[in-house]
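Position 1 is the first residue of the sequence; numbering continues from there.
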Amino acid sequence: MSERFEPTSLDKLEKQYDLVVIGSGSAGLTTAIKAAELGLHPVILEKMPTVGGDTKRASSGMNAAETFVQTEQGIQDSVGQFYYETLRGGHGQNDPDLLKYFTEHGARAIEWLYKEGVQLDDLTISGGMSVPRTHRPRSKEAIGTYLVNGLLKQVQAKQIPLFCNVKVTRILTEDKVTGVQIQTEVDQQIIQSRAVIIATGGFGASKKLISEYRPDLNKYRTTNQPGNTGDGILLAKDIGAKLVDMDRIQVHPTAQQDTDHVYLIGETVRGEGAILVDQNGNRFVNELETRDKVTAAIEKLDGTGAYLIFDAAVRSRAKAIDFYDHVGLVKSADNLISLAQELGVDGETLSRTVDKWNESVSNRLDIAFGRKTGRYLLETPPYAAIHVAPAIHYTMGGVKTNDQAEVLRDDGQPIPGLYAVGEVVGGLHGGNRIGGNSLSETVVFGLRAAQQVRDYIFEM
């Protein structure tokens with residue numbers, strides 16, 4: 001659907017809208033859909049030739065606590081536990097107001113998506129979480145494309161204009177936001193609007209900004225799509241927005257980058273039972289620790305990377321592996337000894353490692369690394385492996401907002417009519433993002449922003 005989606009023809013671009021949404025990832029799509037449901041006339045502007053932003057690359061799921069899905073599956077969870085584990089994962093540096101709103105409204109976001117036809121009724125677990133609260137499609141396919149496809153159906157159904165190859169070059173303000181200046185393939189134009197929502201993603205694909213804020217990370221490749229260059233952050237900064245946490249950049253531990261393209265190997269693969277081994281075939285970390293800790297453990301392996309080891313049963317529960325295999329990232333064999341030969345790893349060591357892991361799962365006690373989330377034995381051939389190493393994945397810093405999605409100035413006051421949602425916003429994730437929280441953020445605060453814009457406009 002995202003590949004077949006036809007953007008609106010440029011000749012239908014109007015001079016004025018209630019709301020301009022910059023960006024067509026899940027943050028922008030959610031906000032525009034909800035705004036239309038609230039009676040507003042929004043437009044979505046996407047600078048890239050295709051829609052979906054970095055959302056299309058997401059593969060794991062969407063975190064939320066106390067959901068109807070958890071209840072139906074007998075999972076006991078609480079908003080308080082979700083808050084605490086996210087705070088702990090972020091090293092206690094999360095913005096408390098954003099985190100409170102985020103964790104309290106995740107269940108509502110899952111319900112809203114379900115009503116929109118995006119049914120995330122299966123559960124898995126991500127690093128740093130103690131219970132399954134990562135929601136995904138029942139088909140177990142990668143959530144990113146599924147989510148974008150479902151939201152685009154609603155964009156079409158509600159006849160929301162969505163233009164590609166349209167770059168916003170300036171946000172216009174007087175005493176409040178009045179519109180945007182855009183650059184199309186043809187010319188520059190001005191679009192007037194009562195409000196603007198920035199949903200442009202982060203800056204993980206910007207060598208310039210990475211060099212400015214974290215030059216020590218220049219050695220890493222990135223999992224981000226090419227459009228993630230921090231445009232929205234700079235647009236907001238140009239009109240006085242405060243930026244926070246810009247040096248907090250997440251390096252994802254498991255990216256396959258032996259090819260020209262970097263492929264993120266999502267946390268679902270580990271959540272559904274895969275283990276990590278070093279070049280000798282030994283485990284070396286709790287695979288579902290927070291991303292920063294797993295990254296640090298892999299970095300200690302002298303630049304050799306690591307191998308994700310899994311079996312056919314894991315593959316059946318993590319359908320993204322089919323795609324990884326399709327593009328040539330997976331090595332497989334009928335038994336562990338043969339797989340080890342494929343990898344250049346000692347077969348006896350790898351077999352012994354898997355036996356010890358299976359014993360830990362059976363005893364529900366991982367003496368070596370304390371992993372408490374191992375639910376499945378690795379015992380169903382064929383066995384398989386993916387070579388992984390860390391890569392830049394997510395930027396925790398960005399525009400400062402309050403829990404109403406209003407963009408704030410340095411003095412803490414909102415810029416009237418300007419809102420931001422998704423990775424462009426800084427503060428929610430603190431020093432480290434928990435896998436599965438980014439998509440939740442886009443929907444939770446997308447719904448919030450649309451409601452706030454509606455109230456703002458009706459009060460004008």
Side-chain angles (χ1 to χ4, degrees), residues 57-64 67 69-70 72-75 77 85 119-147 252-256 263-277 283 285-291 294 306-326 329-332 336 339 353-354 356-362 364 366 369-388 434-440:
R57 297 192 174 198
S59 59
S60 294
M62 177 174 159
N63 291 341
T67 68
V69 181
Q70 289 179 313
E72 289 175 353
Q73 297 191 21
I75 303 297
D77 198 4
E85 290 175 1
Q119 299 178 350
L120 306 179
D121 47 6
D122 190 62
L123 293 168
T124 186
I125 194 165
S126 61
M129 301 283 98
S130 63
V131 299
R133 64 169 64 103
T134 307
H135 296 66
R136 62 179 182 173
R138 182 176 298 178
S139 64
K140 300 177 176 56
E141 65 188 279
I143 188 174
T145 302
Y146 177 81
L147 178 58
H252 196 287
T254 56
Q256 213 289 350
Y263 292 92
L264 171 70
I265 309 302
E267 217 141 336
T268 298
V269 179
R270 283 174 282 147
E272 290 301 324
I275 60 173
L276 282 166
V277 302
R283 284 180 73 215
V285 70
N286 174 350
E287 292 83 0
L288 283 181
E289 260 292 2
T290 53
R291 290 175 172 180
V294 179
Y307 288 104
L308 276 167
I309 304 295
F310 53 93
D311 66 356
V314 172
R315 182 167 181 157
S316 71
R317 296 188 296 268
K319 291 297 185 181
I321 294 174
D322 291 341
F323 169 75
Y324 305 147
D325 194 10
H326 175 71
L329 310 183
V330 180
K331 293 186 177 181
S332 60
L336 289 168
L339 178 63
T353 295
V354 171
K356 287 181 179 178
W357 168 247
N358 287 339
E359 183 179 347
S360 298
V361 173
S362 297
R364 299 185 180 181
D366 178 16
F369 299 102
R371 177 173 169 179
K372 299 178 181 179
T373 52
R375 299 177 288 164
Y376 304 110
L377 301 175
L378 293 177
E379 59 178 2
T380 308
Y383 295 93
I386 301 176
H387 185 230
V388 294
I434 295 293
N437 278 355
S438 59
L439 289 186
S440 296

Engineer: Counting distance only, does the side-chain N/O of E287 pair as donor-acceptor with the main-chain N or O of A274 below 3.5 Å?
Structural biologist: no
Engineer: For the CD1 atom of I265 and the CZ atom of F323, what is their distance to the nearest 0.5 Å?
Structural biologist: 9.0 Å
Engineer: Please confirm whether the backbone N or O of L264 pairs with a side-chain atom of Y324, one donor and one acceptor, at under 3.5 Å?
Structural biologist: yes
Engineer: Would you give the length of the straight line joining atom CD of Q256 to atom OH of Y263, rounded to the nearest 0.5 angstrom?
Structural biologist: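 Here the rounded value is 9.0 Å.
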Engineer: Does S316 have any side-chain hydrogen bond (donor to acceptor under 3.5 Å, both in side chains) partners at least two apart in sequence or in another chain, and if so, which?
Structural biologist: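 S316: no side-chain hydrogen bond (donor to acceptor under 3.5 Å, both in side chains) contacts found.
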Engineer: Counting distance only, does the side-chain N/O of T380 pair as donor-acceptor with the main-chain N or O of A313 below 3.5 Å?
Structural biologist: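 Checking the backbone N and O of A313 against the side chain of T380, no donor-acceptor pair under 3.5 Å is found.
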Engineer: Decide side chain to side chain contact (heavy atoms under 4.5 Å, CB included) for V294 and N286; before the verdict, give the C-alpha distance in whole Å, the side-chain angles of both, and the deciding distance to 0.1 Å.
Structural biologist: CA-CA 7 Å; V294 179; N286 174 350; over 6 Å; no
Engineer: If I compare all heavy atoms of A384 with all of V330, which pair ends up nearest, and what's the gap?
Structural biologist: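 Closest pair (atom of A384, atom of V330, distance): CB-CG1, 3.7 Å.
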Engineer: State, to 0.1 Å, how close V269 and I321 come at their nearest heavy-atom pair, and which atoms those are.
Structural biologist: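 That would be CG2-CG1, 4.0 Å.
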Engineer: Looking at residues at least two apart in the chain, or sitting in another chain, which of them share a salt bridge (Lys or Arg N to Asp or Glu O under 4.0 Å) with R315?
Structural biologist: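 D322, D325.
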Engineer: Once you round to the nearest 0.5 Å, how far does CG of L120 lie from CD1 of I143?
Structural biologist: 4.5 Å
Engineer: Report yes or no: does E267 contribute a side-chain atom to a donor-acceptor pair with the main-chain N or O of G436 at less than 3.5 Å?
Structural biologist: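 Judged by distance alone, no pair lies under 3.5 Å.
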Engineer: Could you pull out the closest heavy-atom pair between I125 and M129, with the gap in Å?
Structural biologist: CD1-O, 3.6 Å
Engineer: Quick check: do V314 and L378 have side-chain heavy atoms less than 4.5 Å from each other?
Structural biologist: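 Answer yes - side chains close enough.
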Engineer: Give the intermediate values and the outcome of side chain to side chain contact (heavy atoms under 4.5 Å, CB included) for residues V285 and L276.
Structural biologist: CA-CA 7 Å; V285 70; L276 282 166; 4.1 Å; yes
Engineer: Counting N and O atoms only, with roles assigned by atom type, does the side chain of S126 sit under 3.5 Å from a partner on the main chain of G435, one being a donor and the other an acceptor?
Structural biologist: yes
Engineer: Going by side chain to side chain donor-acceptor pair (under 3.5 Å), T67 matches just one of R133, Q73, H135. Which one?
Structural biologist: H135
Engineer: Between L308 and H387, does the side chain to side chain contact (heavy atoms under 4.5 Å, CB included) criterion hold? Intermediate values first, please.
Structural biologist: CA-CA 7 Å; L308 276 167; H387 185 230; over 6 Å; no
Engineer: According to side-chain hydrogen bond (donor to acceptor under 3.5 Å, both in side chains), who are the partners of R138, at least two apart in sequence or on a separate chain?
Structural biologist: D121
Engineer: Given side chains that start at C-beta, do those of Y383 and K331 come closer than 4.5 Å, heavy atoms only?
Structural biologist: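 They are not in contact (no side-chain heavy atoms under 4.5 Å apart), so the answer is no.
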Engineer: Only counting residues at least two apart or in another chain, list the ones meeting side-chain contact (heavy atoms from CB on, under 4.5 Å) with V361.
Structural biologist: W357, L377
Engineer: Would you say that L288 contacts R371 through its side chain, given a criterion of any heavy-atom pair below 4.5 Å between the two side chains?
Structural biologist: yes
Engineer: Mind checking the OG-CZ spacing from S60 to R270? Nearest 0.5 Å is all I need.
Structural biologist: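 It comes to 8.0 Å.
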Engineer: Stepwise, does the side chain to side chain contact (heavy atoms under 4.5 Å, CB included) test hold for L123 with I75?
Structural biologist: CA-CA 10 Å; L123 293 168; I75 303 297; 3.9 Å; yes
Engineer: Does the structure place the NZ or CZ of R283 under 6.0 Å from the centre of the six-membered ring of F369, at an angle of no more than 45° from the ring's axis?
Structural biologist: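 The answer is no, since R283 fails at least one limit relative to F369.
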Engineer: Rounded to the nearest 0.5 Å, what separation is found between the OG atom of S139 and the CG atom of D122?
Structural biologist: 8.5 Å
Engineer: Return the minimal non-hydrogen interatomic distance between A320 and S59, and the atom names on each side.
Structural biologist: CB-CB, 4.5 Å
Engineer: Partners of T124 by side-chain contact (heavy atoms from CB on, under 4.5 Å), sequence neighbours excluded?
Structural biologist: T134, R136, T268, E272, R375
Engineer: Judged by atom type as modelled, is there a donor-acceptor pair below 3.5 Å linking the side chain of D311 to the main-chain atoms of E379?
Structural biologist: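 Yes: the side chain of D311 pairs with the backbone of E379.
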Engineer: Run the ring-ring contact (aromatic ring centres under 6.0 Å, His included) test against F310 and tell me which residues pass, sequence neighbours left out.
Structural biologist: none
